[in-house]
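Letters go in sequence order (proteins before strands), and every chain restarts at 1.
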There are 2 protein chains.
Amino acid sequence: MRSYGQECALAKALDSVGERWTLLIVRELMIRDGCRYTDLRQGLPGIPTNLLADRLEAMEEAGLVLKEAAPPPVATHLFRLTPRGRELEPVIAALGRWGAPLLQANPGKDTFCDHWVALPLRLYVHDRAPQEPAVTLALHAGQEQILLGTVGDGSVRVQSGRTAQPDARIVGNPYQILRLLTGKLKLQDARTQGLRYEGDAKLLRRFGAA
Amino acid sequence: MRSYGQECALAKALDSVGERWTLLIVRELMIRDGCRYTDLRQGLPGIPTNLLADRLEAMEEAGLVLKEAAPPPVATHLFRLTPRGRELEPVIAALGRWGAPLLQANPGKDTFCDHWVALPLRLYVHDRAPQEPAVTLALHAGQEQILLGTVGDGSVRVQSGRTAQPDARIVGNPYQILRLLTGKLKLQDARTQGLRYEGDAKLLRRFGAA
DNA sequence: CGGCATCCTCTTTGATACTG
DNA sequence: CAGTATCAAAGAGGATGCCG
């Protein structure tokens, strides 16, 4: 990106990450660190392949991304965020919070990827009783199953995959689930909107907005 | 801006404010709300005038900016942030924090405007003893004089202008002043770097990082 | 002067095709 | 799979013109 040429921290930040697609690439790597090129393309519907390549190179030069050879079984290399890249989390979190109200006006025209829901869960949901025993929820927001677990420090761990026995299971659309877990939607109301909840409703009290 | 077409809060936010110059325009309006077109141009060195006009129109349509007829004495209209626009403050703050380290590598090639320093002061400095009587510092970071005052709620008020009797006076470059007031630089060290401080050094204890 | 609109050139983007 | 290459269209940047 052309520099703004302004001696201002905001302008410098935008010189670095203000280009089109860059912060969305950071989002992808924040959701699942250690991505192949193809994984990134799938998580970034609409990106032209040449731009993805350009951006990754620029981000590597800027010290945001690391391209490393994958361990033996894999025949390719993986992209990771550097610590400096991970420091963009507050930026992503702030932008996401601000952008959330814009999602309402969406008549399903936009594309959606299941795994995207993991990021707001990680950023905005926390465990309100870290001392109590760990809890695991299985979330079904789309095709993929996402696991949400409590962690000792009050934050939650989010991963996709399957587990034998979650403590509860939630099936619904991403926003319902997110609003339910941040306490903005009551279980009763969510149920009338079609969300399914299996398990002890008290478990929900463990979760709240961060 | 072309939409990313992704059902994701971050992507939606970037659809709205991700275009080149947009967040810098927000910065200007955050520093001094109620700007004329010309004020904006001065605060945004390098912006092509047609782009400024384009962006302002788009931002008005997006509900970020309000263009209002100025009260009688002024023969023009003023641009203001809407409440929704002002909600971008956490975004600007996060980006600014992230970008701050990039300012070091600057050999004075970039342009600088005095009033820019007001924003980090407001965002990152706070009053550590709100109950105590108000205090006013006169800051000279460039040509312009900037006043920094404490406010009852722990935040500080920043304005440019002159006052009869500040409680102390600081002359230095913007980063020195900012680092001094956020407690990252000691007065002693700042002085050896050329900063001038007139007044009671204890006053500095009132200020810290937010 | 303040507040744009126009015109032109150059760069970036997006879509698609192609290659090791 | 992981990119490069190509090319048309959109956007950015700069200069200048216009109008109250």
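Looking at A:D167, its side chain never comes within 3.5 Å of a backbone N or O of A:L137 through a donor-acceptor pair. Within the 3.5 Å criterion, the main-chain N or O of A:A141 finds no donor-acceptor partner in the side chain of A:N173.
Between A:L14 atom CG and D:dA12 atom P there is a gap of 14 Å when expressed in whole angstrom units. One interatomic measurement links the two molecules: CD1 of B:I47 to P of C:dG2, which rounds to 17 Å at whole-angstrom precision. Whole-Å rounding puts the B:L52 CG to D:dA15 P distance at 17 Å. Atom CD in A:E19 sits roughly 8 Å away from atom P in C:dT12 (whole-Å rounding). Atom CD in A:E60 sits roughly 14 Å away from atom C1' in D:dA2 (whole-Å rounding). Across the protein-nucleic acid pair, B:R41 atom CZ and D:dG13 atom C1' stand 13 Å apart, rounded to whole Å. The CG-C1' distance, from B:L51 to C:dT11, rounds to 13 Å in whole Å. Protein atom CG of A:D54 is 17 Å distant from nucleotide atom P of D:dA2, rounded to whole Å.
Set against D:dA12, D:dG11, D:dC1, the side chain of A:T76 has D:dC1 as its closest nucleotide. Of the candidates C:dA15, C:dG2, D:dC1, D:dC1 carries the atom nearest the A:R36 side chain, counting heavy atoms from C-beta on.
For B:W21, a side-chain nitrogen or oxygen approaches OP1 or OP2 of D:dG13 to under 4.0 Å. The phosphate of C:dT12 has neither OP1 nor OP2 within less than 4.0 Å of any side-chain N or O from A:R20. For the pair A:H77 and D:dG3, the criterion of a side-chain N or O lying under 4.0 Å from OP1 or OP2 is met. Checking the phosphate oxygens (OP1, OP2) of C:dG2, no side-chain nitrogen or oxygen of B:K67 falls inside 4.0 Å. For A:R2 and D:dG13, the shortest distance from a side-chain N or O to OP1 or OP2 is below 4.0 Å. Of the side-chain N and O atoms in B:R55, one or more sit less than 4.0 angstrom from OP1 or OP2 of D:dA12.
Under the 3.5 Å distance criterion, with hydrogens and angles disregarded, no donor-acceptor pair is assigned to the side chains of B:Y175 and B:Q193.
A:N50 contributes no side-chain N or O that forms a donor-acceptor pair with the base of D:dG3 under 3.5 Å.
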Would you be so kind as to tabulate the donor-acceptor pairs closer than 3.5 Å made by side chains of residues 45-55 of chain A, with sequence neighbours excluded?
from  : atom 1 : to    : atom 2 : distance (Å)
A:T49 : OG1    : A:Y37 : OH     : 2.8
A:R55 : NE     : A:R20 : O      : 2.8
A:R55 : NH2    : A:R20 : O      : 3.4

N/O donor-acceptor pairs under 3.5 Å from side chains in residues 21-28 of chain B, not counting sequence neighbours:
from  : atom 1 : to     : atom 2 : distance (Å)
B:T22 : OG1    : B:E19  : O      : 3.4
B:R27 : NH1    : A:Q6   : OE1    : 2.9
B:R27 : NH2    : A:Q6   : OE1    : 2.9
B:R27 : NH2    : B:G43  : O      : 3.1
B:E28 : OE1    : B:H115 : NE2    : 2.8
B:E28 : OE2    : B:H115 : NE2    : 3.4
B:E28 : OE2    : B:W116 : NE1    : 2.8

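Toward the 5′ end of DNA chain D lies the nearest nucleotide of A:L56, the other residue of the pair A:L56 and A:Y4 mapping further downstream.
Among the protein residues, B:T49 comes within range of the nucleic acid bases, having at least one heavy atom under 4.0 Å from a base atom.
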